[in-house]
Student: 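Please see the structure below; I have some questions.
By convention in this document, chain letters (A, B, ...) are assigned in the order of the sequence lines, proteins followed by strands, and residues within each chain are numbered from 1.
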Amino acid sequence: MSEHTDRRPHDSRWDRFYRVVDRIPEGRVATYGQVATLAGLHGWARQVGYALAALPEDNDVPWHRVVNARGEISPRRGSPAHALIQRSLLEEEGVAFDERGRMDLERVRWEG
DNA sequence: CTAGTGACTGTTT
DNA sequence: AAAACAGCCACTA
């Protein structure tokens, strides 16, 4: 992000995550823990979710390519609709889901 | 400062 | 294999 807008405290921190998410290729996914580790912050998986939840609607970050370690889309408490949108976006990129709503991480996971 | 919360994860039931 | 537990860390009120 811009060096001039670092005044918001979380931006500099969360930007580390956004940077990593931004590198996930189309048709691939990464787990929250993976994003945290690649950002050099092992163990901050929960914060990755928190950071993504704080994204504005008009963002360029491929937030939909981040899933949980079970290979499924993490359920939202507030808006279930967003999870459905995420699944649609992934399916558009060719990511397949089984009848239980899970994807094959071995196959679609981005290794970074 | 304490307590509650969450788009998490690895371990144990 | 699914659910429950217990760590986990920053943000908010």
Student: Please name all residues satisfying salt bridge (Lys or Arg N to Asp or Glu O under 4.0 Å) with A/E91, sequence neighbours left out, ordered by chain then number.
Tutor: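 With neighbours one apart ignored, the set is A/R87.
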Student: Listed by chain and number, what are the side-chain hydrogen bond (donor to acceptor under 3.5 Å, both in side chains) partners of A/R109, not counting sequence neighbours?
Tutor: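 Result, side-chain hydrogen bond (donor to acceptor under 3.5 Å, both in side chains) vs A/R109: A/Q34.
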Student: Please report the distance, rounded to the nearest Å, between CZ in A/R77 and C1' in B/dG6.
Tutor: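 These atoms are roughly 6 Å apart.
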Student: Given atom CG of A/L41 and atom P of C/dC11, what is their separation to the nearest angstrom?
Tutor: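 It works out to 12 Å between those atoms.
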Student: Using a strict heavy-atom distance below 4.0 Å, which residues from residues 50-61 of chain A are in contact with DNA chain B?
Tutor: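 The stretch gives A/L52, A/A53 as the residues lying under 4.0 Å from the strand, ordered by number.
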Student: With the sugar-phosphate defined as primed atoms, P, OP1 and OP2, and the base as all remaining atoms, what B/S/- string results for nucleotides 8-13 of chain B, 5' to 3', for protein heavy atoms under 4.0 Å?
Tutor: BSS---
Student: Is it the case that atom CZ in A/R70 sees more than 12 heavy atoms from other parts of the structure closer than 6.0 Å?
Tutor: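 Not more than 12 within 6.0 Å, no.
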Student: With a 4.0 Å heavy-atom cut-off, tell me which residues in residues 85-93 of chain A come close to DNA chain B, sorted by residue number.
Tutor: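 Within residues 85-93 of chain A, no residue comes under 4.0 Å of DNA chain B.
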Student: Linking I/L/V/M/F/W/Y whenever any side-chain heavy atoms sit under 4.5 Å apart, do A/L84 and A/L52 land together?
Tutor: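 Different clusters.
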Student: So, the side chain of A/Y18 versus the backbone of A/D60: is there a donor-acceptor pair under 3.5 Å, distance only?
Tutor: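 No: the side chain of A/Y18 does not pair with the backbone of A/D60.
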Student: For DNA chain C, find the residues of residues 98-112 of chain A with a heavy-atom distance under 4.0 Å and give them by number; none if there aren't any.
Tutor: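 Of all residues in residues 98-112 of chain A, the ones placing a heavy atom under 4.0 Å from DNA chain C are A/R100, A/R102.
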Student: Can you name the side-chain contact (heavy atoms from CB on, under 4.5 Å) partners of A/V108, sequence neighbours left out?
Tutor: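 Applying side-chain contact (heavy atoms from CB on, under 4.5 Å) to A/V108 gives A/V29, A/V95, A/M103.
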Student: Could I get the full list of side-chain contact (heavy atoms from CB on, under 4.5 Å) partners for A/R100, not counting sequence neighbours?
Tutor: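 With neighbours one apart ignored, the set is A/D98, A/R102.
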Student: If a pair satisfies ring-ring contact (aromatic ring centres under 6.0 Å, His included) and one of its residues is in residues 48-71 of chain A, list it, with sequence neighbours excluded.
Tutor: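 Counting only pairs at least two positions apart or across chains, the ring-ring contact (aromatic ring centres under 6.0 Å, His included) contacts touching residues 48-71 of chain A are A/W14-A/Y50.
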Student: Could you list the residues that satisfy salt bridge (Lys or Arg N to Asp or Glu O under 4.0 Å) with A/E93, not counting sequence neighbours?
Tutor: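 Scan of A/E93 (salt bridge (Lys or Arg N to Asp or Glu O under 4.0 Å), adjacent residues dropped) gives A/R65.
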Student: Could you verify whether a donor N or O on one side chain and an acceptor N or O on the other, from A/R16 and A/Q47, lie under 3.5 Å apart?
Tutor: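 Checked: A/R16/A/Q47 side chains show no N/O donor-acceptor pair below 3.5 Å.
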Student: Can you find a heavy atom in the side chain of A/T31 that is under 4.5 Å from one in the side chain of A/L105?
Tutor: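 Heavy-atom side-chain distance check passes, below 4.5 Å.
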Student: Nearest whole angstrom, please: distance from the P of C/dC9 to the CZ of A/F17.
Tutor: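 From A/F17 CZ to C/dC9 P: 12 Å.
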Student: Under the salt bridge (Lys or Arg N to Asp or Glu O under 4.0 Å) rule, collect the residues that match up with A/R107, sequence neighbours excluded.
Tutor: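 Applying salt bridge (Lys or Arg N to Asp or Glu O under 4.0 Å) to A/R107 gives none.
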Student: If a pair satisfies ring-ring contact (aromatic ring centres under 6.0 Å, His included) and one of its residues is in residues 76-112 of chain A, list it, with sequence neighbours excluded.
Tutor: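 Qualifying pairs, neighbours excluded: none.
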